[in-house]
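Hydrogens, waters and symmetry mates are skipped; everything else that's a heavy atom, side chains included, is used.
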Amino acid sequence: MKTTARPPSSLLSLPLNSHPSASVPHGGSSKPAFSRDHPAALCPSKDIRNNVTTLMSLENCTVIEGHLKILLMFRTTPEDFRGISFPRLRVVTDYLLLFRVYGLESLADLFPNLTVIRGNNLFFNYALVLFEMLQLKELGLHSLANITRGAVRIEKNPDLCYLATLDWSKILDTVEDNYITDNKNERECGDAGGEGTEDSGETKLLPSRSNTHMRTLYLYLYLYPPPPRVTSFGQ
């Protein structure tokens, strides 16, 4: 995957002139995620869908012991996400998946301090999935330093730029199984992609494997109900 130079402190900062230190959430503060007033909180898997208010179940989470899925929000707009941030969240032990969350333009404010996705359990071999996020313009996971196990799938995000500036080998053991395709052409993204990039910096799988994964992905995300609500955790 073609890469260009970027600030070493901003492994997944998008665009290149963004820095974690400057990414204070709208209406938020620069207070560290961990403090005496806010001890670490473990949360179970989260299946967040349909309405932006369901995101508030993440408010006290520092570690999600399981997966985090945010999906199927068809009536949300960029304004709905203004001021929503979860700076305490640092670790997801399984996978992070976002699918068809309308109006979300960046993950920078939502998860400014997400550092590790462990991939203990994967979503069809993937630890990070961004699929058909129609308004997503940048990834913005400034603090993400390690995906311990699993690959990355970033597909069909028509406004998503600067993917060619990312060196996934810095946070993954291998990039061979990454599937990054059908996002915005880097030539339409302005100068931040830098010279020397080719199209969208894609890493592709064999078509047959890709199509099978896509059909399974649709069926799983649309037809499978969310898991039962957990009322008690770790007790």
**Request:** Calculate, to the nearest 0.5 Å, the distance between atoms CG and CG belonging to L68 and L98 respectively.
**Result:** 7.0 Å
**Item:** Check: V152 and I147 side chains under 4.5 Å, non-hydrogen atoms
**Value:** yes
**Donor-acceptor pair, side chain of T62 and main chain of R90, under 3.5 angstrom** = no
**Request:** List the atom of L134, the atom of K156, and the distance in Å for their closest heavy-atom pair.
**Result:** CD2-O, 4.3 Å
**Asked** So among D182, L130, L139, I180, which one has a side-chain contact (heavy atoms from CB on, under 4.5 Å) with N157?
**Response** L130
**Prompt:** Partners of D173 by salt bridge (Lys or Arg N to Asp or Glu O under 4.0 Å), sequence neighbours excluded?
**Reply:** none
**Item:** Side-chain donor/acceptor of N113 to backbone N/O of P87, under 3.5 Å
**Value:** yes
**Item:** Heavy-atom side-chain contact between L114 and S143 under 4.5 Å
**Value:** no
**Request:** Inspect the contact between R100 and E132 and indicate whether a charged nitrogen and a carboxylate oxygen are less than 4.0 angstrom apart.
**Result:** yes
**From L122 atom CG to Y95 atom OH, the distance as rounded to the nearest 0.5 Å** = 9.5 Å
**Message:** What I'd like to find out is whether the side chain of Q135 reaches to under 4.5 Å of the side chain of Y102, using heavy atoms alone.
**Reply:** yes
**Request:** Answer whether the closest heavy-atom distance between the side chains of M133 and L104 falls below 4.5 Å.
**Result:** yes
**Message:** Could you see if V116 belongs to whatever hydrophobic cluster contains L42? Use Ile, Leu, Val, Met, Phe, Trp, Tyr and a side-chain cutoff under 4.5 Å.
**Reply:** yes
**Asked** Where is the tightest heavy-atom contact between G140 and S106, given as atom of each residue plus distance?
**Response** CA-OG, 4.1 Å
**Message:** Nearest 0.5 angstrom please: L136 CG to L107 CG, how far?
**Reply:** 5.5 Å
**Request:** For a side-chain contact (heavy atoms from CB on, under 4.5 Å) with L97, tell me which candidate from F131, F123, Y126 qualifies.
**Result:** F123
**Message:** Could you report the tightest heavy-atom contact between R149 and A127, atom names first, then the distance?
**Reply:** O-CB, 3.3 Å
**Message:** side-chain contact (heavy atoms from CB on, under 4.5 Å) for I117 and L144? Distances and angles first, verdict last.
**Reply:** CA-CA 8 Å; I117 302 173; L144 187 61; 4.0 Å; yes
**Complete:** For D80 and V52 the tightest heavy-atom approach is O-CG2, 3.9 Å
**Message:** Taking the side chain as everything from C-beta on, heavy atoms only, tell me whether F86 gets closer than 4.5 Å to L55.
**Reply:** yes
**Prompt:** What distance do F99 atom CZ and E155 atom CD have between them, rounded to the nearest 0.5 Å?
**Reply:** 10.5 Å
**Main-chain N/O of G119 paired with T148 side-chain donor or acceptor, under 3.5 Å** = no
**Test log, rule side-chain contact (heavy atoms from CB on, under 4.5 Å), inputs V91 and I64** = CA-CA 6 Å; V91 177; I64 292 180; over 6 Å; no
**Request:** Decide yes or no on side-chain contact (heavy atoms from CB on, under 4.5 Å) for S85 and L110, but give the supporting numbers first.
**Result:** CA-CA 4 Å; S85 183; L110 274 186; over 6 Å; no
**Which atom of C161 lies closest to which atom of K184, heavy atoms considered** = SG-CD, 3.5 Å
**Message:** Can you confirm whether D109 sits close enough to F81 that some side-chain heavy atom of one is under 4.5 Å from a side-chain heavy atom of the other?
**Reply:** no
**Request:** Quick one: pull up CG in L89 and NZ in K46 and give me the separation to the nearest 0.5 Å.
**Result:** 10.5 Å
**Asked** For N50 and R75, what are the C-alpha separation, side-chain angles and deciding distance, and is it a side-chain contact (heavy atoms from CB on, under 4.5 Å)?
**Response** CA-CA 8 Å; N50 301 329; R75 298 183 179 181; over 6 Å; no
**Item:** Nearest-0.5 Å distance that lies between atom CG in N183 and atom CD in E186
**Value:** 9.0 Å
**Request:** State plainly whether the residues R49 and D47 are in salt-bridge range, i.e. N to O under 4.0 Å.
**Result:** yes
**Complete:** For A151 and D177 the tightest heavy-atom approach is CB-O, 3.5 Å
**Item:** Whether N178 side chain and E176 backbone form a donor-acceptor pair below 3.5 Å
**Value:** no
**Request:** Scan for disulfide (SG to SG under 2.5 Å) pairs involving residues 48-133, sequence neighbours excluded, and state none if there are none.
**Result:** C43-C61
